[in-house]
Amino acid sequence: MSEEMKYFMYLLEYYADYKNRKTGDVLQEWEACGITQKIYDNYWIYHTECMENAYLDIDSLVKTGKAAW
């Protein structure tokens with residue numbers, strides 16, 4: 001398994017916990033919004049910053065379809 005996939009799974013689990021939701025529900029939402037690949041592709045940004053920055057960016061992607069910055 002690639003490092004990107006390991007981090008994606010880690011991020012998904014922690015984001016779901018942050019939102020107090022089930023992991024499967026969060027992934028379904030990301031899929032419905034068409035942002036799953038964007039989140040996966042942001043590995044190089046997300047894994048070098050604090051987790052809260054990733055949460056803010058994902059919240060923006062879900063809400064507007066655009067990155068927070």
Side-chain angles (χ1 to χ4, degrees):
M1 182 181 310
S2 71
E3 290 301 314
E4 291 88 346
M5 181 55 76
K6 288 178 187 176
Y7 185 79
F8 177 81
M9 291 170 40
Y10 170 84
L11 179 60
L12 174 59
E13 290 176 11
Y14 274 81
Y15 183 81
D17 185 62
Y18 163 73
K19 291 293 190 174
N20 198 30
R21 297 178 59 202
K22 293 180 180 180
T23 305
D25 293 342
V26 170
L27 186 56
Q28 284 181 340
E29 178 181 47
W30 293 357
E31 286 290 320
C33 293
I35 61 172
T36 306
Q37 190 64 48
K38 287 180 185 180
I39 294 168
Y40 183 87
D41 290 343
N42 278 335
Y43 164 77
W44 294 106
I45 297 169
Y46 293 158
H47 91 281
T48 61
E49 298 184 356
C50 69
M51 189 65 84
E52 291 77 16
N53 287 350
Y55 296 164
L56 290 173
D57 196 50
I58 293 168
D59 286 344
S60 179
L61 287 169
V62 168
K63 186 174 182 178
T64 68
K66 297 180 183 179
W69 42 85

Taking atom [atom1] of [X] and atom [atom2] of [Y], what is their separation to the nearest 0.5 Å?
X	Y	atom1	atom2	result
Ile39	Cys33	CD1	SG	8.5 Å
Lys19	Tyr55	NZ	OH	10.5 Å
Thr23	Met9	OG1	CE	10.0 Å

Honestly curious: do [X] and [Y] fall in one hydrophobic cluster under the side-chain, below-4.5 Å linking rule?
X	Y	answer
Leu11	Leu27	yes
Leu56	Trp44	no
Met1	Tyr14	yes

If you define the side chain from C-beta out and look only at heavy atoms, does anything of [X] sit under 4.5 Å from [Y]?
X	Y	result
Val62	Trp30	yes
His47	Tyr10	no
Tyr18	Ile58	no

*Going by atom types alone, do Glu31 and Thr36 pair a side-chain donor with an acceptor below 3.5 Å?*
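Looking only at side-chain atoms, Thr36 and Glu31 do form a donor-acceptor pair, the distance falling under 3.5 Å.
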*Check: Asn42/Tyr7 side-chain N/O donor and acceptor closer than 3.5 Å*: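 Absent: no donor and acceptor within the cut-off.
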_Result of checking Asn53, Asp41, Asp57 against Tyr46 for side-chain contact (heavy atoms from CB on, under 4.5 Å)_ =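 Exactly one pass, corresponding to Asp57.
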_Between Lys38 (side chain only) and Gly65 (backbone N and O only), is there a donor and an acceptor less than 3.5 Å apart?_
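At least one qualifying donor-acceptor pair exists.
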*Within the distance-only criterion (no hydrogens, no angle test), does the side chain of Thr64 pair as donor or acceptor with the backbone N or O of Leu61 below 3.5 angstrom?*
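Such a contact is absent between Thr64 side chain and Leu61 backbone.
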